[in-house]
Amino acid sequence: MTHTEHLVHGLAADDVPPDWPPLALSEVAGLLSRYPQLAPVYAIGWHSPRPLSAAGLVETERGRVFVKRHHRSVRTGAMLAEEHAFGAWLRAAGLPVPAVLADADGLTAIESGDWTYEVHAPADGIDLYRETISWEPLPNLGHAYRAGAMLARLHNAAEGYAAPQRGTHVLVARSEIIASADPLAALAAQLSERPGLAAWLEPRDWRTELGEALAPFHARAHARLAAQPRLWTHGDWHVSNLCWSGAGDDAAITAVLDLGLAARTFALFDLATAIERNAIAWLALDDGLAAAHPETARELVAGYRTQRPLGTDDIDLLADLLPLVHVDFALSEVEYFSAVTHSPASAEVAWHTFLRGHAAWFATQPGQAMLQAIRSLR
């Protein structure tokens with residue numbers, strides 16, 4: 001497979017050439033030579049369509065493994081080790097998170113030239129949604145219910161995990177900006193350690209544009225957000241990051257995938273992210289009220305409540321948080337596209353369509369109806 005033959009999910013529900021070359025068989029064979037238990041390598045059976053890294057399923061002498069490659073400007077070995085430690089904690093607590101394999105030197109994150117690699121044991125079950133775009137709503141309400149319950153189980157398992165915050169902002173779902181009393185000042189304070197984002201913001205009136213996006217929602221929620229107990233969370237709870245026992249409505253979740261966006265936030269942040277990812281058709285907002293899927297949100301919350309309580313105040317804050325939950329991650333996407341892939345058009349989409357546009361949608365009739373549907377779950 002050549003670079004041009006492999007396509008990944010674009011920002012407009014299209015398939016586009018990848019920013020990163022797909023994994024090559026010779027490359028993977030060289031990597032897995034560090035894992036004597038796996039060699040030799042036979043084939044790459046599937047290339048992931050996710051655009052922010054290169055990954056695939058690799059057939060080896062001892063069976064299938066999942067190999068993922070990051071550019072070192074996105075993930076160093078130390079940054080990946082943060083994800084791996086959290087995954088190990090969850091796995092020890094009984095969550096079905098696939099193990100990350102160590103090489104002959106005991107390393108789970110392998111740095112080589114411009115790249116950082118990780119090798120995962122195969123996930124149990126069926127990857128039903130592996131071709132699904134990350135912003136595509138989940139139509140199966142039974143799966144939404146079970147996804148909510150599994151998210152609550154993850155939060156219960158994460159209790160007591162005391163690692164500090166992630167060592168990067170790039171492509172990580174953090175919450176410091178939205179939880180601050182003054183988000184514009186909070187972002188300005190971060191820019192000295194985020195020079196790529198600072199350079200992109202410098203020529204534009206970002207304070208006005210970001211302030212306008214936050215204004216209808218932030219003052220109402222920030223004090224309660226700041227008071228939420230901090231917890232390591234998944235950060236990207238979309239159905240494409242889960243594996244299943246089957247395709248039926250009653251299928252069980254057999255594996256929880258991809259802790260790449262995980263960070264120290266709070267439980268309601270993760271639940272709001274799950275609603276944002278699975279219950280709103282962001283790529284089809286022209287459909288009006290049909291773009292919102294409150295029934296999916298309802299089942300996510302109902303499933304969550306089977307494992308972890310949510311009171312009236314929690315539901316009210318969940319609704320107030322929903323228009324804000326994407327902001328920190330959208331800024332990390334602006335940083336990634338502007339400073340890592342040097343894709344100015346994509347950075348503009350991340351800023352105007354994702355960051356500002358998603359917030360603005362919640363002030364529209366369909367957006368307000370979605371928030372009212374969440375509040376009705378009190």
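Throughout, residue positions are numbered sequentially from 1 according to the sequence presented. All values below were derived from every heavy atom in this structure, side-chain atoms included, with hydrogens, water molecules and symmetry-related copies excluded.
- Contact detail for H155 and A267: the closest heavy-atom pair is CE1-O, 3.3 Å.
- In this structure, the side chain of W351 does not engage the main chain of L201 through any donor-acceptor pair within 3.5 Å.
- Contact check for Q228 versus T265: no side-chain heavy atoms found under the 4.5 Å cut-off.
- Ring-centre distance between H70 and W115: not below the 6.0 Å cut-off.
- Between W232 and W89, the ring center distance fails the sub-6.0 Å criterion.
- Across all their heavy atoms, A221 and D320 have their closest contact at CB-CB, 4.0 Å.
- Looking at heavy atoms from C-beta onward, W244 lies in side-chain contact with V239 at the 4.5 angstrom threshold.
- Stacking of R277 on the aromatic ring of F329 is recorded, both the 6.0 Å distance cut-off and the 45° axial limit being met.
- The environment of R375 atom CZ is dense: over 12 non-hydrogen atoms of other residues, nucleotides or ligands sit within 6.0 angstrom.
- Annotation: cation-pi pair R130/W46 present, NZ/CZ under 6.0 Å from the ring centroid and within 45° of its normal.
- The two residues M370 and A292 come nearest to each other via the heavy atoms SD-CB, 3.9 Å.
- Contact between P22 and H6 at its shortest, heavy atoms only, is CB-CD2, 3.9 Å.
- Between L225 and F266 the shortest side-chain heavy-atom distance falls below 4.5 Å.
- Using a 4.5 Å cut-off on side-chain heavy atoms (C-beta onward), E295 and P137 make no contact.
- Counted within 6.0 Å of CD on E193, heavy atoms from surrounding residues, nucleotides or ligands total more than 12; the atom is thus considered enclosed.
- Side-chain heavy atoms closer than 4.5 Å link hydrophobic residues (I, L, V, M, F, W, Y) into clusters, and following such links, possibly through other members, connects L128 to L138.
- Y129 and H238 share no side-chain donor-acceptor pair at under 3.5 Å.
- Ring centers of W282 and W361: under 6.0 Å apart, within the cut-off.
- Side-chain contact check for Q165 and E176: at least one donor-acceptor pair (N or O, by modelled atom type) lies under 3.5 Å.
- Taking the charged nitrogens against the carboxylate oxygens, E118 and R75 have no contact shorter than 4.0 Å, which rules out a salt bridge.
- Around atom CZ of R378, more than 12 heavy atoms belonging to other residues, nucleotides or ligands sit under 6.0 Å away.
- Salt-bridge annotation for E348 and R204: present, with a side-chain N of the basic residue lying under 4.0 Å from a carboxylate O of the acidic one.
- Annotation: D286, atom CG; neighbour count of heavy atoms from other residues, nucleotides and ligands within 6.0 Å does not exceed 12.
- Of all heavy-atom pairs spanning A109 and L80, the tightest one is CB-CB, 3.8 Å.
- Between W237 and N241 there is no side-chain heavy-atom pair separated by less than 4.5 Å.
- Looking only at side-chain heavy atoms (C-beta outward), V327 and L331 come within less than 4.5 Å of each other.
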